[in-house]
Amino acid sequence: MFGLIGHLTSLEHAKSVAQSLGYPEYAEQDLDFWCSAPPQIVDHFKVTSATGQTIEGKYVESCFLPEMLANRRIKAATRKILNAMAHAQKNGINITALGGFSSIIFENFKLDQMKRVRNLDLDFKKFTTGNTHTAYVICKQVEEAAPGHGIDLANATVAVCGATGDIGSAVCRWLTARTGVKELLLVARNQERLNNLQAELKFGRVVPLDEALPQADVVVWVASMPKGMEVDLTTLKQPCLMVDGGYPKNIDVTFKHPGIHVLKGGIVEHVLDIDWHIMNIVNMDVPGRQLFACFAESMLLEFEKLHTNFSWGRNQITLEKMDLIGEASRRHGFRPLLT
Ligand code: NDP
């Protein structure tokens, strides 16, 4: 059995989902209600691999909402993640992906030091961030989509916004060692971490976002968009490919312009239909087949009987692990989204 821990993108989103699922009493509730709501298993489904193997999974709604961070309800936010993990473990799930902000909260608030949740000791081996598969899929999206938009990667400048993050640093390693792009622009806020990454890669330039954007043929977004950012779209290259790896996906609103192509990053499509409801809720274009790559990672680990925290900690994703999960991804019928 594999599991997925997810959350909705905003209070407004939570209210509309509650309404559409037939819980109008929840739809009227404010943030306080969601702060005290316990985790729920809201979907139970089967997934069949391209090899014919079938596995079972459960989706755990953590009831975390991003507004909890914005409104300094940090204790509530961290409790949501720990409680959802405990709920997954108590329900006998072998390997569970921490989707959306779950793994970021886990790392940023050092939840590994809070193993005990009421009468249960969390076994971290039963969880994965899913970031190795996400990074692999984003790299494949860059490699496979760029030529279709007239971008030759051997002569291209690629900017990675969120370069020092867990996914961003893995993407930078792959683009440097495997893809062989002409130039790599490293964008984030903390200079020391940027300098360390550049030293590790022995490649790439540290550049502020406003300087990176006009130079880039491809932009990989693996940080949340800075609020209130204004970009003069006429200064950007055309064609330009934007791969939006963040959650929620919000790049397309800012970069609506002819010649700029926005691709939903870190999304895979399965070759067979999955009979579940959750991808309707997060507005996937083809909800029966499309899903977040981090969720697919827990499916892959279950298919492969690799019941271990395959992606864990920060900035430890190696090319070898990306190869391993990429090979499993193809074998079990997952493809990177390309349109
Ligand atoms: P991390 O927290 O490890 O990294 C975030 C990165 O973004 C850091 O480099 C950080 O550096 C940078 N950053 C944050 N804010 C800004 C800003 N305002 N401007 C520029 N850089 C910024 O996150 P992950 O790598 O784990 O996740 C990245 C994104 O991917 C998230 O949005 C997450 O929700 C999404 N995701 C998508 C998945 C999928 O399946 N599609 C799966 C998992 C995650 P600094 O703080 O120095 O600026």
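For ligands, and for the atoms within them, numbers begin at 1 and follow the listed sequence.
Residue Gly165 has at least one nitrogen or oxygen atom sitting less than 3.5 Å from a nitrogen or oxygen atom of ligand 1, judged on distance alone. Where the criterion is an N or O separation shorter than 3.5 Å, residue side chain and backbone included, Ile267 fails it with respect to ligand 1. Taking any N or O of Ala188, backbone or side chain, none lies under 3.5 Å from an N or O belonging to ligand 1. The shortest N/O to N/O separation between Asn190 and ligand 1 falls below 3.5 Å. For ligand 1, the polar-atom distance check finds no N/O of Cys161 at less than 3.5 Å from any of the ligand's N/O atoms. Where the criterion is an N or O separation shorter than 3.5 Å, residue side chain and backbone included, Arg189 meets it with respect to ligand 1.
The ligand atoms of ligand 1 that sit less than 4.0 angstrom from a heavy atom of Gly245 are 30 (O), 35 (C), 36 (N), 37 (C). Applying the 4.0 Å criterion to heavy atoms of Gly266 picks out, from ligand 1, the atoms 39 (C), 40 (O), 41 (N). Residue-ligand proximity, Thr164 to ligand 1, at heavy-atom distances under 4.0 Å covers atoms 8 (C), 9 (O), 11 (O). The distance from ligand 1 to the heavy atoms of Ala223 drops below 4.0 Å at these ligand atoms: 7 (O), 12 (C), 13 (N), 14 (C), 21 (N), 22 (C). Residue Ala293 has at least one heavy-atom neighbour below 4.0 Å for each of these atoms of ligand 1: 40 (O). Numbered from 1 in the order shown, with element, the atoms of ligand 1 that lie under 4.0 Å from a heavy atom of Asn131 read 26 (O), 43 (C). Near Phe292, meaning under 4.0 Å from one of its heavy atoms, ligand 1 places the atoms 40 (O), 41 (N). Taking every non-hydrogen atom of Arg314 and a distance limit under 4.0 Å, the qualifying atoms of ligand 1 come out as 3 (O), 26 (O).
Under 4.0 Å from ligand 1, heavy atoms of Asp166 appear from its side chain as well as its backbone. Here Thr134 has side-chain heavy atoms under 4.0 Å from ligand 1, and that is the only part of it that gets that close.
Of the candidates Glu304, Glu302, His270, His332 forms a side-chain hydrogen bond (donor to acceptor under 3.5 Å, both in side chains) with just one, namely Glu304.
Under a 3.5 Å cut-off, the side chain of His277 and the backbone N or O of Asp43 do not form any donor-acceptor pair.
When the shell of 6.0 Å around CD of Glu144 is examined, it contains more than 12 heavy atoms from other residues, nucleotides or ligands.
Donor-acceptor pairing under 3.5 Å is recorded for the side chains of Thr48 and Thr54.
The shortest separation from a heavy atom of Gly265 to ligand 1 is under 4.0 Å, placing the residue in contact. Not a single heavy atom of Gly130 lies less than 4.0 angstrom from ligand 1.
Aromatic rings of Trp221 and Phe255 (six-membered ring for Trp) have centroids within the 6.0 Å cut-off, being under it.
The aromatic rings of His261 and His149 lie parallel to each other, with less than 30° between the two planes, well short of the 60° mark. Classification of the Phe106-Trp312 ring pair by plane angle, with boundaries at 30° and 60°, yields tilted. Between Phe33 and Tyr26, the ring-plane angle classifies as tilted under the 30° and 60° cut-offs. The aromatic rings of Phe45 and Phe2 sit tilted, their planes meeting at an angle between 30° and 60°.
Salt-bridge annotation for Asp285 and Lys264: present, with a side-chain N of the basic residue lying under 4.0 Å from a carboxylate O of the acidic one.
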query: Yes or no on side chain to side chain donor-acceptor pair (under 3.5 Å) for Thr157 and Gln215, after CA distance, side-chain angles and deciding distance?
result: CA-CA 7 Å; Thr157 297; Gln215 299 179 50; 5.9 Å; no

